[in-house]
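Side-chain atoms are counted along with the backbone in the values below, which use heavy atoms only and exclude waters and symmetry mates.
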Amino acid sequence: SLSVQCEASGFAPLTLEMSWEVKGSDGKSRPLDSSSMTGHKQAWDGTYSQSMWLELDTSKMDLGTGGELTCVAVHPGGTRRSSTSLSIIGN
């Protein structure tokens, strides 16, 4: 299993939606549901930060030799994505 975390910071107003997507070696993206979010924190300058994390059981995800995991943050100021590669060894 694998634990990953994503943090969004420096945003205002507070409205923010965060989610995870995974793209397998077949090139198809799909959403992941099993994430947990922290409560938001407010900084001295009035902006906010929020984190979410995900526990992945790669043996149950049918990723083949790997794929790409993406954190998606949707805010009135725009949508931001951050991705990392997954390499499955000995699958």
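Although no hydrogens or angles enter the test, the distance criterion places no donor-acceptor pair under 3.5 Å between the side chain of Ser29 and the main chain of Lys23. Looking at His75, its side chain never comes within 3.5 Å of a backbone N or O of Leu14 through a donor-acceptor pair. Using modelled atom types, no side-chain atom of Gln50 and backbone atom of Glu7 make a donor-acceptor pair closer than 3.5 Å.
Neither Leu32 nor Val72 shares a network with the other; the hydrophobic side chains, linked directly or stepwise wherever heavy atoms of I, L, V, M, F, W or Y lie under 4.5 Å apart, form separate groups for each.
Pro76 approaches Thr15 most closely through the heavy-atom pair CD-O, 3.4 Å. Between Leu16 and Ala73 the shortest heavy-atom distance is CD1-CB, 4.0 Å. When all heavy atoms of Gln5 and Ser51 are compared, the closest pair comes out as NE2-OG, 3.4 Å. Scanning both residues, Trp20 and Cys71, for their nearest heavy atoms gives CZ3-CB, 3.7 Å.
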The test is side-chain hydrogen bond (donor to acceptor under 3.5 Å, both in side chains); show your working for Ser3 and Glu55 and say whether it passes. CA-CA 5 Å; Ser3 298; Glu55 294 287 330; 2.6 Å; yes
Intermediate values then yes/no, side-chain contact (heavy atoms from CB on, under 4.5 Å), Val22 and Thr70: CA-CA 6 Å; Val22 66; Thr70 302; over 6 Å; no
Using the rule given for side-chain hydrogen bond (donor to acceptor under 3.5 Å, both in side chains), can you reason through Ser49 versus Ser9, listing the C-alpha separation, both sets of side-chain angles and the distance that settles it, and then say yes or no? CA-CA 4 Å; Ser49 65; Ser9 61; over 6 Å; no
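Taking NE2 of His40 as the reference point, atom OH of Tyr48 lies at 5.5 Å (rounded to 0.5 Å). The distance from atom CE of Met18 to atom OG1 of Thr38, rounded to the nearest 0.5 Å, is 8.0 Å.
In this structure, Val4 and Thr84 have side chains that are not in contact, with every pair of non-hydrogen atoms separated by 4.5 Å or more. Put simply, the side chain of Glu21 does not reach to within 4.5 Å of the side chain of Glu68, judged on heavy atoms.
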